[in-house]
**Student:** 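Submitted below is the structure of interest, expressed as structure tokens.
Chain naming here is simple, since letters A, B, ... match the order of the sequence lines and numbering starts at 1 in each.
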Number of protein chains: 2
Amino acid sequence: MNARLRDVAEHAGVSVRTVSNVVNGFRYVAPDTRTRVQASIDELGYRPNLAARTLRHSRTGLIALVVPEIDSPYFAELAARTVRIAQHRGLTVLIDQTDGDFERERLLLHGKRGQLVDGVLFSPWAVAPADLAARTDTVPLVLLGEHDGPAPVDHVAIDNVAAAREATRHLLATGRRRIAVIGVQPRTLNASARQRLAGYRQELEAFGLAPVVDRERPVRRLHRSDGYQAMLELLDSETPDAVFCFTDQLALGAMRALAERGLSVPDDVAIVGFDDIEDGRYSVPALTTVSPDKDQIASLALDALAAQGKPPRSIIAPHELIVRATT
Amino acid sequence: MNARLRDVAEHAGVSVRTVSNVVNGFRYVAPDTRTRVQASIDELGYRPNLAARTLRHSRTGLIALVVPEIDSPYFAELAARTVRIAQHRGLTVLIDQTDGDFERERLLLHGKRGQLVDGVLFSPWAVAPADLAARTDTVPLVLLGEHDGPAPVDHVAIDNVAAAREATRHLLATGRRRIAVIGVQPRTLNASARQRLAGYRQELEAFGLAPVVDRERPVRRLHRSDGYQAMLELLDSETPDAVFCFTDQLALGAMRALAERGLSVPDDVAIVGFDDIEDGRYSVPALTTVSPDKDQIASLALDALAAQGKPPRSIIAPHELIVRATT
DNA sequence: ATGAAAGCGCTAACAC
DNA sequence: GTGTTAGCGCTTTCAT
């Protein structure tokens, strides 16, 4: 068994109170008492028991980051930044992976974690705003990414409509007219996808072009294979001169399909992605993409968590279009 | 404040013991008592306090996965699998990111986490076996990845020497003779890199070829940019006809450099990577690579954690060479 | 500046 | 089948 506060106290010949004071850096401890206690601590290898502390303070210093999949590059990069920023603030991040499973997401929302964490950063995939509203758990919650409909929770996202318009405008500006999109979500789950689609349509319309239904390709998930598949389907009907993919992963999959069909990027088909994951910076050719400011997202979300209690806010993080070699 | 066991007990008109029994699915509870208690639980929105439970049981159900960077695809994929498998075993994974910082790794080893976690899966970057031996913390530890020198801890890794030999042999079998490597670590930190280098040399030697010092390129880190840089340097002296990269990320960076110089893969230069990350499956051309069985690694590591107490073992996980389009 | 002791919420040994 | 209660390790009020 590990040494307890009392063991140290006995060893040093003082009371537990004094040891506690030393451990917590309390000011009023006689210097030599402090030295003696510290020596006992070292000798016994004492480590404070976090569970007991938590029970006392009813706060754990732990926050949960809930994502569909941690090995999806966007989430991996977001997680890395979140962990780093949280560390700076004295917080530890516990990562939960739902695999996009509705039941797991619901469980998490309703406090499966018990009082283990002080707050939850939640990137939903399957649950809808209504589920959020029905939440019974009381731990502070901040939503990551778009969601629509009124839900009584803070959320941090970029302006997806504006970002999609910029991406589309850029494609139009480089002379493309047959612009397709890949990444429409079949079920109405994914608000980000819906907003990106809306932005794309708006910009087309503003330019005087009518949307073509066959150019709006749905995908089941947002993996490379889905982008690959969707691109092949797109090529079966008509070859577009540009494709706006709702994630970089989809874009990379699409590029692979183009390469296999012997089509050149960007000469035959221009590609724009979304997320600015590292792979896109090193793909051949390098991927033009919408870059959400992930540091800001993490940072703002952590702020929102800390500021809970105030009325729920909708926080917009910055983004920018990064033009590389695919356009 | 949240409802406590006692609140539920009072509300249902029973003792805490009975409520505890219901919560924990104890058998001997009268059916109607159970129903009544359950109703109170739901009504009050009771959730067990994990801290109190932990204090009682002195086990948290939490394990830490310590990696240099969670957004490095290999670690992201390993983490995803570890989280998934741990979930199956009723364990929650807390992810710690050290950024390869020696001090942070040291702190973690010496129990910074207090009694927060029941075990640690540690993928070291900066600390050496000697540091491990000097460990004072008592939580079970399993090392992920190669390390050499005797350290009194379990570790799970693939056979890096054999894997490197297979990769090299494959390159030789396809007629390549000027085979370079990218990924040598300047300081002797990284045991995996050293073993891969050893395997490469052994195979060359077995084939009757002498190693050429200029073809063994060092890198500082294992990112794409390092691979890119190293490849450019390699091309400045002599163009090899094949490159064995010690990670897929290095390989992808190298491929980008080759593309920029107008060299074709695999016609001019064949490439083999290591790790089998998803990006490599979708790169153009798709990357030949050594694939460590990540599920097995995660699973064996969790087993080892559970089996602690026995003398430290060195556990070998399987791997295989996956031939794709770059060779 | 230090000691004594209550209590955070839960579990389980011991009653009945 | 259910009630009572000690105690997990820590912090902190109250007392000295």
Side-chain angles (χ1 to χ4, degrees), chain A residues 1-38 40-41 44-62 111-118 137-139, chain B residues 1-41 44-62 111 113-118 137-139:
Chain A
M1 209 48 195
N2 263 304
R4 297 156 308 154
L5 216 44
R6 215 178 72 193
D7 300 325
V8 178
E10 280 171 12
H11 188 271
V14 296
S15 82
V16 288
R17 166 70 208 257
T18 303
V19 181
S20 175
N21 283 343
V22 171
V23 171
N24 297 297
F26 191 61
R27 277 166 311 190
Y28 305 115
V29 182
D32 65 326
T33 313
R34 183 182 295 276
T35 319
R36 200 148 37 90
V37 170
Q38 188 58 54
S40 297
I41 289 177
L44 299 179
Y46 168 78
R47 306 228 200 301
N49 180 316
L50 277 286
R53 236 178 219 182
T54 296
L55 183 54
R56 202 55 243 264
H57 281 142
S58 56
R59 89 170 270 299
T60 58
L62 240 49
K112 187 191 89 178
R113 282 274 161 266
Q115 273 84 289
L116 222 198
V117 297
D118 298 337
D137 196 21
T138 56
V139 301
Chain B
M1 211 47 194
N2 263 303
R4 298 156 304 155
L5 214 45
R6 217 178 69 193
D7 301 324
V8 178
E10 280 170 13
H11 187 271
V14 296
S15 81
V16 289
R17 168 70 210 255
T18 305
V19 181
S20 176
N21 282 344
V22 172
V23 171
N24 296 298
F26 190 61
R27 276 166 311 192
Y28 305 114
V29 181
D32 64 327
T33 312
R34 181 182 295 276
T35 319
R36 199 150 38 90
V37 170
Q38 189 57 54
S40 298
I41 289 178
L44 298 179
Y46 170 78
R47 309 229 196 300
N49 180 317
L50 278 281
R53 232 176 223 184
T54 297
L55 182 55
R56 199 60 241 267
H57 282 141
S58 57
R59 92 172 266 299
T60 59
L62 239 48
R113 281 274 162 267
Q115 272 86 291
L116 222 198
V117 298
D118 297 336
D137 195 22
T138 54
V139 300

**Student:** Out of dG9(C), dT11(D), dC10(C), which has the shortest distance to the side chain of Leu55(A)?
**Tutor:**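 Between dG9(C), dT11(D), dC10(C), the one nearest the side chain of Leu55(A) would be dG9(C).
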
**Student:** Can you check the Arg47(B) CZ to dC10(C) P distance for me, whole Å?
**Tutor:** 12 Å

**Student:** Among all residues two or more places apart in sequence or in another chain, which pass the salt bridge (Lys or Arg N to Asp or Glu O under 4.0 Å) test with Arg34(A)?
**Tutor:**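 Not a single residue meets the salt bridge (Lys or Arg N to Asp or Glu O under 4.0 Å) criterion with Arg34(A).
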
**Student:** Given side chains that start at C-beta, do those of Gln38(A) and Thr35(A) come closer than 4.5 Å, heavy atoms only?
**Tutor:**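 A side-chain contact is absent here, since even the closest heavy-atom pair is not under 4.5 Å.
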
**Student:** Between C1' on dG7(C) and CZ on Arg4(B), what's the gap in Å once rounded to a whole number?
**Tutor:**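 Result: 11 Å.
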
**Student:** Find the distance Leu5(A):CG to dG9(D):P and express it as a whole number of Å.
**Tutor:** 11 Å

**Student:** In this structure, how many angstroms lie between the P atom of dT2(D) and the CZ atom of Arg6(B), rounded?
**Tutor:**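 The distance from CZ of Arg6(B) to P of dT2(D) comes to 21 Å, rounded to the nearest Å.
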
**Student:** Within this structure, what is the CD-to-P distance between Glu10(A) and dG9(D), rounded to whole angstrom?
**Tutor:** 13 Å

**Student:** Quickly work out the Arg53(A) CZ to dC10(C) C1' distance and round it to whole Å.
**Tutor:** 20 Å

**Student:** Kindly say if Ser20(A) contacts the phosphate of dT11(D), meaning a side-chain N or O under 4.0 Å from OP1 or OP2.
**Tutor:** yes

**Student:** Are Thr18(A) and Ser15(A) close enough that some pair of their side-chain heavy atoms sits under 4.5 Å apart?
**Tutor:** yes

**Student:** If the condition is side chain to side chain donor-acceptor pair (under 3.5 Å), which residues does Asn49(A) pass it with, not counting sequence neighbours?
**Tutor:**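 Asn49(A) satisfies side chain to side chain donor-acceptor pair (under 3.5 Å) with no other residue.
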
**Student:** Rounded off to whole Å, could you give me the CG-to-P distance for the Asp7(B) and dC10(C) pair?
**Tutor:** 9 Å

**Student:** Distances under 3.5 Å between protein N/O atoms and the N/O atoms of nucleotides 3-7 of chain D, please, pair by pair.
**Tutor:**
residue, atom, partner, partner atom, Å
dG3(D), OP2, Ser15(B), N, 2.6
dG3(D), OP2, Ser15(B), OG, 3.0
dG3(D), OP2, Thr18(B), OG1, 2.7
dG3(D), O6, Arg17(B), NH1, 2.8
dG7(D), N2, Arg56(B), NE, 3.3
dG7(D), N2, Arg56(B), NH1, 3.3

**Student:** From the options dT11(D), dT2(C), dC10(C), select the nucleotide whose nearest atom is closest to the side chain of Asn21(A).
**Tutor:** dT2(C)

**Student:** For Arg59(A) and dG9(C), what is the distance between atoms CZ and P respectively, to the nearest whole Å?
**Tutor:**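 Checked: the CZ to P distance equals 17 Å.
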
**Student:** Which residues in residues 30-40 of chain B have a heavy atom closer than 4.0 Å to any atom of DNA chain D?
**Tutor:**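 Close to the strand are Ala30(B), Thr33(B).
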
**Student:** Taking side chain to side chain contact (heavy atoms under 4.5 Å, CB included) as the definition, give me every residue that meets it alongside Arg53(A), ordered by chain and number, with sequence neighbours left out.
**Tutor:**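 Once residues adjacent in sequence are excluded, the partners of Arg53(A) under the side chain to side chain contact (heavy atoms under 4.5 Å, CB included) criterion are Val23(A), Asn24(A), Pro48(A), His57(A).
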
**Student:** Val8(A) and side chain to side chain contact (heavy atoms under 4.5 Å, CB included): which partner among Val14(A), Val16(A), Val19(A)?
**Tutor:** Val19(A)

**Student:** With sequence neighbours left out, write down each residue that passes side chain to side chain contact (heavy atoms under 4.5 Å, CB included) with Leu62(A), or none if nothing qualifies.
**Tutor:**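 If we apply the side chain to side chain contact (heavy atoms under 4.5 Å, CB included) test to Leu62(A), skipping adjacent residues, the hits are Thr60(A), Thr92(A), Leu94(A), Leu116(A), Val117(A), Leu62(B), Leu94(B), Leu116(B).
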
